[in-house]
Amino acid sequence: MADKGGYMWGRSRYTRGPRIGPKLVVVLRCGSSTWGYRHLKKKGRWSTAFDRKIANTVQSGTITVDMPGRRIFDDILKQCPPKSRFKVVTNPGKMGRNPHVNPQGIVTAYINPDKIGVAAKKC
């Protein structure tokens, strides 16, 4: 399931940035029951469609939180007021005190259930 670096086989890296030049790379590690691939699988979220949602949100979503230890990518429904449809929560730094897991990568990702099917309001 994983290579020596703790990554998943298959797509384990999601990128954001131009076709040519430096890119922001977000990794998906195997993790545990509380973060990463194993967490997503345990929660019943993992599928090909879910993988695509993560890829699309990292590539073209809005970074709504960017601070040491936490970066959140949001797929925002453009309406008034704007609503988050899908979130990818990451840790761009090392995992706790473990210098070998750096960056930790994707902690969790989820569909925002309160925002599905909400009609756009006029502002």
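Excluded from the calculations below are hydrogen atoms, water molecules and symmetry mates; all remaining heavy atoms, backbone and side chain alike, are included. Note that the structure is a prediction, hence the values are computed from the model and not measured.
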- If only atom types and distance count, is the side chain of R29 paired as donor or acceptor with the main-chain N or O of G36 below 3.5 Å? no

- List the steps and the verdict of side chain to side chain contact (heavy atoms under 4.5 Å, CB included) for D51 and K53. CA-CA 5 Å; D51 179 48; K53 284 182 185 294; over 6 Å; no

- Look up atom CG in L28 and atom OH in Y37, then write down how far apart they are to the nearest 0.5 Å. 8.5 Å

- Are any non-hydrogen side-chain atoms of K43 and Y110 less than 4.5 angstrom apart? no

- Verdict with supporting geometry, V88 and I106, side chain to side chain contact (heavy atoms under 4.5 Å, CB included): CA-CA 7 Å; V88 179; I106 294 174; 4.1 Å; yes

- Taking the six-membered ring for Trp, are F50 and F86 ring centroids under 6.0 Å apart? yes

- Message: Nearest 0.5 angstrom please: R71 CZ to N91 CG, how far?
- Response: 9.5 Å

- Query: Between P103 and P92, which heavy-atom pair has the shortest distance, and what is it?
  - Reply: CB-O, 3.3 Å

- Flag yes if I72 and I76 sit in one hydrophobic cluster, no otherwise; membership is Ile, Leu, Val, Met, Phe, Trp, Tyr, and two members link when side-chain heavy atoms are under 4.5 Å apart. no

- Item | Matching residue for D74 among K83, K87, R85 - test: side-chain hydrogen bond (donor to acceptor under 3.5 Å, both in side chains) | K87

- Worked verdict on W35 versus T90 for side chain to side chain contact (heavy atoms under 4.5 Å, CB included): CA-CA 10 Å; W35 66 276; T90 71; over 6 Å; no

- Is there a donor-acceptor pair closer than 3.5 Å between any side-chain N or O of S33 and the backbone N or O of H39? no

- Heavy-atom check, side chain of V65 versus side chain of M67, under 4.5 Å: yes

- Stepwise side chain to side chain contact (heavy atoms under 4.5 Å, CB included) test for Q59 and F73: CA-CA 9 Å; Q59 175 61 39; F73 299 87; over 6 Å; no

- Counting only heavy atoms not in K94, do more than 12 sit closer than 6.0 Å to its NZ atom? yes

- Query: Between V58 and R16, what is the shortest heavy-atom contact and its length?
  - Reply: O-NH1, 2.9 Å

- Can R45 and T108 be counted as having a side-chain donor-acceptor contact under 3.5 angstrom? yes

- Task: Quick one: pull up OG in S84 and CG in N112 and give me the separation to the nearest 0.5 Å.
- Result: 5.0 Å

- Query: Going by atom types only, do D75 and T57 share a side-chain donor-acceptor pair under 3.5 Å?
  - Reply: no

- Message: Between S32 and T34, is there a side-chain donor-acceptor contact under 3.5 Å, judged purely by atom types and distance?
- Response: yes

